[in-house]
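What follows is a set of notes on a single structure, which appears directly below.
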Amino acid sequence: MAPLRTLLVYGSESGNARRAAQKLAASWAAKGSSVKVDADAICGNDAAKKFDSLKEDYDVLVILTSSFGEGEAPSNYDKFLLALAKGAKAESPPLRGVQHAVLGFGDSSYETFQNCPRLSDKLLEGCGSRRVHTRLEVDASASWSADAEESAAAQRAEEEWKDSVCPRDEGPAPLTPSLRVERRPEG
Ligand SMILES: Cc1cc2nc3c(=O)[nH]c(=O)nc-3n(C[C@H](O)[C@H](O)[C@H](O)COP(=O)(O)O)c2cc1C
């Protein structure tokens, strides 16, 4: 079976999503399985430059992005968001056959909480990509007010998301638990 080629794309204004994406890309690439992860995460604007060939070059896109301004895309990601918006309107879906998952960074004190990650997830689907994991939304505000237990739970949720999205030989973990049919030995 051909290895799953995976690219991590980030949109980040103050570095949170970028650092998380770079760390994740390096650690997944180091796993050295038959999955092929690009060890360097790239920003959305660089991904936009090769938007038309993404579906030929990759099987899985993992997107980590924040929202800035009033729910806008970070400045190193807006071109990717624009390409997604155009692609979602195109006659031939430009990301058909690709799978994706989105990890969003935001702050619920803003009315436009998680605008850019939510829009990205929706537009990726509009471009024909298949969402293989539900989006996780990291809330900076929650981490200020959380007690130790809540912080640990949020941290755990993030680690679990990363672990289940981590591409495996057989593909990312399914979006919803699938029914497992156990075969009993015959006779
Ligand atoms: C000026 C400013 C505007 C922001 N606007 C939003 C917003 O509209 N929606 C949201 O969910 N978070 C917003 N945030 C919170 C950031 O998305 C959050 O801090 C995130 O962790 C930043 O990630 P980054 O460092 O990767 O850019 C804003 C933060 C700042 C400082």
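Remember, predicted model here, so these are calculated numbers, not experimental data. Atoms within each ligand, like the ligands themselves, are counted from 1 in listed order.
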Please output the side-chain donor-acceptor pairs of residues 40-47 that fall under 3.5 Å, not counting sequence neighbours, one pair per line with the distance.
residue	atom	partner	partner atom	Å
Asn45	OD1	Tyr77	N	3.3
Asn45	OD1	Asp78	N	3.3
Asn45	OD1	Lys79	N	3.0
Asn45	ND2	Ser75	O	2.9
Asp46	OD1	Lys49	NZ	2.9

Inset, instruction - Check each protein residue for a heavy atom under 4.0 Å from ligand 1 and list those that pass, ordered by chain and number. - result: Ser12, Glu13, Ser14, Gly15, Asn16, Ala17, Ser66, Ser67, Phe68, Gly69, Glu70, Gly71, Phe105, Gly106, Asp107, Tyr110, Thr112, Phe113, Gln114
Legend entry - Polar side chain donor-acceptor pair, Asp38 to Tyr58, under 3.5 angstrom: yes
Legend entry - Point-to-point distance, once rounded to the nearest 0.5 Å, from CZ of Arg18 to OG of Ser66: 11.0 Å
Legend entry - Glu111: partners by side chain to side chain donor-acceptor pair (under 3.5 Å), with sequence neighbours left out: none
Legend entry - Residues in side chain to side chain donor-acceptor pair (under 3.5 Å) contact with Glu137, at least two apart in sequence or another chain: Arg118, Arg135
Inset, instruction - Inspect the contact between Arg131 and Asp121 and indicate whether a charged nitrogen and a carboxylate oxygen are less than 4.0 angstrom apart. - result: yes
